Each structure stands twice: as structure tokens, then as C-alpha cells.
Asks: 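Here it is: the structure, laid out below.
Lettering follows sequence order; numbering is per chain, from 1. Just so it is clear, the structure is predicted and the values come from calculations on it, not from any experiment.
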Amino acid sequence: MDEKVFNIKREYSIPEFFKEELDSEQLDAVINSTGRSLIIAGPGSGKTRVITYKIAYLLSQGIKPENILLVTFTRAAAREMVERVRNVTNVDTSSLTAGTFHHVCNMILRRYAKVIGYENNFTILDSEDAKDLMRIAKNEYKETLTKEEAKQIPGEGVILKIIGYAANTLKSIREAILDMAAYLIDYQEDIERIYMNYLEMKKKINAMDYDDMLINTLHLLETNEDIRNYIASKYQWVLVDEFQDTSLVQLRIVEFLSSVHKNLIVVGDDSQSIYSFRGSRFENVEEFQSHEDVKLFKIQTNYRSVPEIVELENYLIPTHSIPKKLKPYRSSYHMKPVIVKTYDELEQADFIVQLIENKFDEGVSPEEIAILYRSHSLSMVLQQKLDVKKISYKLLSGKRFIETRHIKDIMAFLKILANPYDNISWTRVLKLFPGIGQKTLTKIVNEFYANLMEYPTPYGAFEQIKFRKYPKAKEIILYLFENSDENPQDLIDYIYNEFYREYLELNFKDAYSRKQDIERLGEIASRYKSVESFLEELALSENIEIQSAEKDRKNERITLTTVHGAKGLEWKVVIIISVNPGDFPNGMALKEKKIDEEERLFYVAVTRAKDELYIVKQLTGTTKPYYGNSFYMRQKLPDFTDKIPKELVEHWKIGYSD
DNA sequence: TCCGGGGTTTTTTTT
DNA sequence: AAACCCCGGA
């Protein structure tokens with residue numbers, strides 16, 4: 001149907017009020033960043049505000065929202081910024097493209113995958129899926145070797161790390177091995193062969209892992225001028241947030257996406273680059289800055305933290321950073337940051353519970369308190385204590401929700417609906433049924449694949465398979481194939497009620513909390529209409545927030561998160577726990593000589609605090625057994641609290657009143 | 001062919 | 001916590 005277009009003139013707010021909302025550094029960055037610009041934004045300097053007003057400014061100049069591309073680090077950040085733009089401008093921002101690199105790539109690939117030899121309905125492998133697949137690829141290769149030879153082959157984790165590194169740096173496997181694991185150079189050929197297996201398997205099941213999504217997008221833009229120009233001409237302005245955590249591939253992608261209009265604004269803080277394990281290159285910032293046409297803006301006033309904390313932050317600016325000095329804006333607070341020495345993890349947990357209760361008594365809301373740690377395991381003792389004391393919390397990053405066994409089981413059922421060739425999910429699903437082991441399931445799956453050639457639908461193909469011994473398995477899988485168009489929540493309910501509830505009760509001591517997780521999964525699924533969109537979003541979106549075991553009536557909870565999960569957030573009271581050599585900085589990272597990144601991580605942690613900062617350490621160090629190994633015993637590891645000048649902090653030790 | 005028991009290994013951060 | 005291996009009994 002042809003519709004006639006009736007053009008009306010858009011009304012935009014006049015940006016006069018910007019001058020009241022922004023300081024001179026921010027205003028300069030908003031108005032004068034044109035062409036290619038780099039905005040170095042210190043912690044708490046109003047970075048989000050600058051991006052928001054930059055977009056508002058562009059809209060006020062008559063740029064249409066659909067011609068703006070905003071790339072952020074998390075989906076949540078994108079949503080928040082778009083919402084703020086809408087509030088500032090009253091412009092309908094729904095056509096503005098905003099999301100993470102992976103969302104943007106996904107959008108492009110869903111449309112053009114065929115051009116580079118994929119089906120448009122490719123599935124996305126999360127890192128767990130990739131690991132499973134790599135394990136199979138490795139074992140397949142091992143079968144061609146003798147037992148002795150097979151023993152020497154590096155593990156799938158190492159191989160994934162190498163190929164991930166190669167992908168993100170655009171290097172060959174050989175170069176990657178030499179760069180990061182030179183001792184494995186004798187196994188170059190083995191690794192390459194395993195890698196080929198892995199590629200083949202991914203292709204066979206029409207899947208891409210996270211690296212593929214970036215690499216394939218780059219490849220598409222690089223090799224197809226027409227497509228590149230078509231997409232790039234749409235985006236008059238490209239803005240990139242958290243630029244210090246972009247990889248080389250990501251940098252190339254945004255360069256291509258901005259190649260027609262050449263307006264590329266990147267915002268970041270090189271001192272806060274904490275994702276090098278994922279290919280992030282803080283060098284991107286320095287390199288970008290070094291181009292002659294790039295305009296540089298610095299915004300360095302700190303609006304977030306009290307001067308006592310800002311002073312400490314200035315001391316902790318990581319060694320290899322673009323020189324900067326943060327200027328405090330807020331007025332003085334009644335206390336300095338605190339370093340607390342506790343005896344062990346239990347005492348640390350007791351102290352934190354007591355501190356939190358004191359803060360509640362002072363009237364601080366739970367939402368304003370956060371506990372940060374280097375790795376999940378460091379929060380376990382504390383979690384138990386909080387549960388006992390009935391202090392409710394939310395985990396921004398637990399062991400990622402979808403990586404737990406029971407959630408993966410349920411998801412495997414849905415995955416075979418979206419992609420009947422998903423071998424890994426078939427294995428997972430069939431093994432759940434008593435009596436079906438490796439041999440039987442291989443037979444079933446092979447027969448199913450063979451049938452798929454003959455029968456038009458998976459339902460038809462599966463129906464043909466004889467299941468005399470396992471009628472329940474057949475009944476359930478057939479039902480799911482038959483109803484695969486239903487909304488995902490109903491399917492999850494079906495799996496749970498008909499089968500998985502009983503399985504949980506029989507096999508897990510902690511069935512209760514796992515049941516709650518599945519209920520949560522159902523809730524999340526209810527927001528999606530199709531299995532495909534649900535799976536896609538779950539693979540691409542950030543952590544799902546997990547509630548504590550204690551069901552709370554009030555929705556007020558303190559936050560527990562890794563430092564990585566705390567990126568971009570802020571709280572009135574921040575407690576950093578287990579700041580011990582080996583825990584934070586992390587022992588494994590130090591072994592790989594990544595002390596710089598640990599420093600940046602600590603800097604990120606400290607800069608999250610608005611009013612009160614507690615750095616808690618234990619005299620005994622950690623209680624985890626494997627830290628008692630030779631590496632930890634042999635060396636004196638750096639202690640972050642050592643280099644903090646005494647006069648900048650208060651020192652507390654624990655005493656007992658009762 | 002399946003399953004359970006015992007033993008071992010992993011060793012961080014995540015789109 | 002959860003995967004793997006090996007082995008012996010059903």
C-alpha cells in the first residue's frame with residue numbers, strides 16, 4: 001500500500017540552557033567536537049552527560065535520530081543515554097541506533113550474513129558454548145594421535161585464548177602463539193588443525209562466537225564497498241563510549257561505519273581500561289590521539305567524589321596513563337577513606353555486616369551501598385553471612401546466571417528448537433534422561449540428522465525415531481517441536497513441570513534455589529515473543545541481576561559485584577574487599593605480568609565511591625587452597641595498600657566490645 | 001551399554 | 001562447582 005507523506009517541520013528545544021547545565025570543559029566538548037574527536041573523560045566528570053548533550057545538540061541542529069549511531073559498553077548504558085536524550089530534547093529517539101558493539105554487529109549481520117557465507121538465522125555461541133565446541137574439536141583431533149602425543153596437547157581454554165587473541169589483534173595463529181604463549185610454538189600445527197576443526201564445526205551448525213561477530217562484520221565492511229557505503233552513509237554521526245575498552249577490530253569497524261560522513265566521536269579514559277583479556281587495547285586511545293586531524297578534549301572535574309577521595313584517586317592514577325589531574329568539585333566530607341585490617345575472611349564478613357548495619361542506622365539506603373571484589377569467589381563467605389543476617393543483596397555478576405548447570409539444561413531444550421543441528425545441546429538434553437548415555441544419544445542424533453534430509457520438519461524427522469525404552473524423552477521433545485512457535489515462557493514451564501522439576505529433586509541437594517532460578521528464567525522469557533529472540537538477547541545482553549536467596553518484601557538491596565561489573569556505576573558507600581596480594585591484585589594476572597591492568601582495576605574500584613570508601617584487607621590473606629602453591633609462597637606480591645600515603649586515609653583495626 | 005564412585009583438574013575478569 | 005577420567009558392577 002502506498003502512503004502519501006505529509007511533511008511537517010520538527011520543533012527542537014534551543015540549546016541555550018546547555019550553558020546552565022554544563023561547565024565550560026563539558027560545553028566545549030559538546031559543541032566543538034566535530035569530525036574525528038577524542039574526549040578524555042576522568043571518573044565522575046559527567047561523561048554520560050556530555051554524550052547525552054552532544055546528541056541533544058546534534059538533534060537541535062536538525063540531525064535526525066536515525067542518522068546517529070551510539071556504541072556503548074553495555075546495553076543498560078545505551079538505554080539510559082537514549083532515555084536521557086529524550087528527556088532533554090523531547091524528541092522521539094526510538095529510531096536512534098544505540099547498543100553494544102555486538103548488538104550493532106548483530107543488526108548488520110542479520111541482514112547481510114548471506115554475503116559472507118552464513119545463513120541469516122545463525123546462532124550465537126556464548127563463551128561456554130564455544131568452550132564445549134572447542135573441547136569436541138580438540139578431542140576429535142586427539143583421536144588421530146597416540147595416547148602419549150595426545151597428552152601433550154594444550155587444553156581447550158588455552159587454545160581459545162590464543163585464537164581469541166589472534167582474532168582481536170588481527171594476527172595469525174603463529175604470531176598469537178609467539179606473543180602470548182611462546183612455549184607452545186612446537187604445537188603450532190596441532191593448534192592450527194584443532195582450530196580448523198573448530199571452524200568447520202561452527203560452520204556446520206551455522207553459528208558464530210563473540211569474536212566471529214566482530215570479525216565477520218569487519219570482513220563484510222572491508223570487502224563489500226557497496227554495503228559499506230550504504231551503511232556508512234546512513235550514520236552521519238558515530239559516537240563511541242568507553243573507547244579505552246575497544247579492540248583493534250572494533251576500532252576498524254567504527255572507522256568503516258564513519259567512513260562516509262567522517263564524524264567519529266570517541267569518549268573514554270585510558271586509566272580505566274580493564275578488559276585486555278578480551279582484546280581491549282587502551283593503546284587505541286593514544287593512537288587515535290596521535291592522528292593529526294583528531295581534536296582532543298579533556299574533562300577532568302570530578303563531580304562524583306568528595307575531595308578526600310579525589311585526592312586518593314590522584315595518587316592512584318595508573319602509571320602508564322595519559323597525564324591527568326582530577327579536580328574535586330564537591331565540598332569536604334567529615335571523614336577520609338578508610339583502610340581496615342581484619343584477621344581473616346570471616347572477620348572481614350563480620351566487619352562488613354556490622355558496618356552496613358551502622359550505615360542503615362545512619363539512614364543510608366541499601367541502594368547506596370556497594371561491595372566490590374576482584375573475583376566472584378571472594379564474595380562467597382560474605383554472601384553466607386549476609387544471608388544469615390537477612391541483609392538482602394543483589395549480585396550484579398554472580399557466576400553468570402546462564403552459566404549455571406540447571407539454566408544451561410533448560411536453555412539446551414530451547415536451543416535445539418532454534419537450531420536442530422546444535423549437537424552440544426542435543427547431548428545435554430538427551431543425557432538428562434535415565435538410560436540414555438553417550439552411545440545411545442549419538443545413534444539418536446545421527447538418525448535424526450539423516451531423517452532431517454527426508455522430512456520437511458524437525459517434528460517429522462524426530463517422530464520417526466524409535467524410543468521404546470525412553471518414551472518420556474520422545475514425548476517431551478516432540479511436544480516442544482510441535483509447539484516451538486509458542487512463547488518461550490510457556491515452553492520453559494512445560495519442560496519444568498513435565499520433567500525437569502523431578503530431575504532437580506532427584507539429583508540436587510540445593511534443588512530449592514535452583515527452582516527459584518528457573519522461575520526467574522521464566523519471568524525473563526516472558527518478555528520475548530519467540531525462542532529465537534529470547535536466545536539472541538540472552539547471548540548478547542549483559543548480566544542478569546540475581547537476587548539473594550532471602551526473598552525481600554522491600555525492593556531495597558545492597559549491591560555485590562566484581563569491579564568489572566561496577567564499571568560506569570557509583571554509590572555513596574563503596575566497600576572494596578579482600579585487597580590482599582594474590583586476591584586483588586589477582587595472582588593469576590600477576591603471573592602473566594599484568595600488574596598495570598590490576599592497577600587500573602583498583603583505580604576503577606576506588607573511583608566508584610561518592611562519599612565513603614572502605615578498603616578492607618585480611619592479615620591472613622586468602623583461605624583458598626590453591627593460593628598456597630609455590631608461586632604465592634615464593635614471591636612478595638605487590639600490596640595496593642602499601643603505596644597509599646598514611647595521611648590520605650584513616651587506618652582501622654578490629655576490636656571486640658563484647 | 002549405562003551408571004555411579006572415586007579421583008583429578010581447573011585455577012580471573014565478560015560481550 | 002562441575003567437568004573430565006578410569007573402573008567395576010548391573
Asks: With A:His219, which residues qualify under side-chain contact (heavy atoms from CB on, under 4.5 Å), at least two apart?
Replies: A:Ile116, A:Thr223

Asks: Find the distance A:Gln383:CD to C:dA1:C1' and express it as a whole number of Å.
Replies: 14 Å

Asks: Would you indicate whether the side-chain heavy atoms of A:Leu382 and A:Tyr393 approach each other to under 4.5 Å?
Replies: no

Asks: What is the distance, rounded to the nearest whole Å, between atom CG of A:Leu432 and atom P of B:dC2?
Replies: 15 Å

Asks: Can you tell me if A:His376 touches the phosphate of B:dT13, counting only side-chain N or O atoms and a distance under 4.0 Å to OP1 or OP2?
Replies: yes

Asks: Separation of A:Lys131 atom NZ from C:dA1 atom P, in whole Å?
Replies: 16 Å

Asks: Just jot down the side-chain contact (heavy atoms from CB on, under 4.5 Å) partners of A:Lys443, sequence neighbours excluded, or say none.
Replies: none

Asks: Is the phosphate of B:dT14 approached by A:Thr562 (side-chain N or O, under 4.0 Å from OP1 or OP2)?
Replies: yes

Asks: Report the distance from atom CE of A:Met380 to atom C1' of C:dA2, rounded to the nearest whole Å.
Replies: 13 Å

Asks: Taking ring-ring contact (aromatic ring centres under 6.0 Å, His included) as the test, write out the residues that go with A:Trp571, two or more places apart.
Replies: none

Asks: Tell me every residue that passes ring-ring contact (aromatic ring centres under 6.0 Å, His included) with A:Phe640, counting only those two or more places apart in sequence or in another chain.
Replies: A:Phe584, A:Phe602

Asks: Just verifying a value: how many Å separate A:Lys617 NZ and A:Ile576 CD1, rounded to the nearest 0.5 Å?
Replies: 13.0 Å

Asks: Of A:His564 and A:Lys439, whose nearest nucleotide on DNA chain B comes first from the 5' end?
Replies: A:Lys439

Asks: Among residues at least two apart in sequence or on other chains, which ones pass ring-ring contact (aromatic ring centres under 6.0 Å, His included) with A:Tyr449?
Replies: A:Tyr421

Asks: Specify the separation, in whole Å, of atom CG of A:Asp583 and atom P of B:dT13.
Replies: 12 Å

Asks: Within the pair A:Arg428 and C:dA3, is there a side-chain N or O less than 4.0 Å away from OP1 or OP2?
Replies: yes

Asks: Distance-only criterion, 3.5 Å: show the donor-acceptor pairs between side-chain atoms of residues 431-439 of chain A and protein atoms not counting sequence neighbours.
Replies:
residue: A:Lys431; atom: NZ; partner: A:Gln438; partner atom: OE1; Å: 3.3

Asks: Heavy atom of residues 271-282 of chain A under 4.0 Å from DNA chain B: which residues?
Replies: A:Tyr275, A:Phe277, A:Arg278

Asks: Using a 4.0 Å cut-off on protein heavy atoms (strictly under), produce a 5'-to-3' string for nucleotides 3-9 of chain B with B for base contact, S for backbone-only sugar-phosphate contact, and - for none.
Replies: S------

Asks: Is the phosphate of C:dC4 approached by A:Arg135 (side-chain N or O, under 4.0 Å from OP1 or OP2)?
Replies: yes

Asks: So if I take every side-chain heavy atom of A:Thr440 and compare against B:dT13, B:dC2, B:dT15, which nucleotide ends up nearest?
Replies: B:dC2

Asks: Within this structure, what is the CG-to-P distance between A:Asp209 and B:dT14, rounded to whole angstrom?
Replies: 18 Å

Asks: Does A:Lys203 make a cation-pi contact with A:Tyr118, if we ask for NZ or CZ under 6.0 Å from the ring centre and within 45° of the axis?
Replies: yes

Asks: Taking CD from A:Glu242 and P from B:dT14, how many angstroms apart are they, rounded to a whole number?
Replies: 15 Å

Asks: Can you sort out the partners of A:Phe122 under ring-ring contact (aromatic ring centres under 6.0 Å, His included), two or more places apart, ordered by chain and number?
Replies: none

Asks: Could you tell me how far apart A:Leu560 (CG) and B:dT13 (P) are, to the nearest whole angstrom?
Replies: 14 Å

Asks: Return whichever of A:Lys161 or A:Phe73 has its heavy-atom-nearest nucleotide of DNA chain B closer to the 5' end.
Replies: A:Lys161

Asks: Does A:Glu597 reach a base, just sugar-phosphate, or nothing at all? Heavy atoms under 4.0 Å.
Replies: nothing

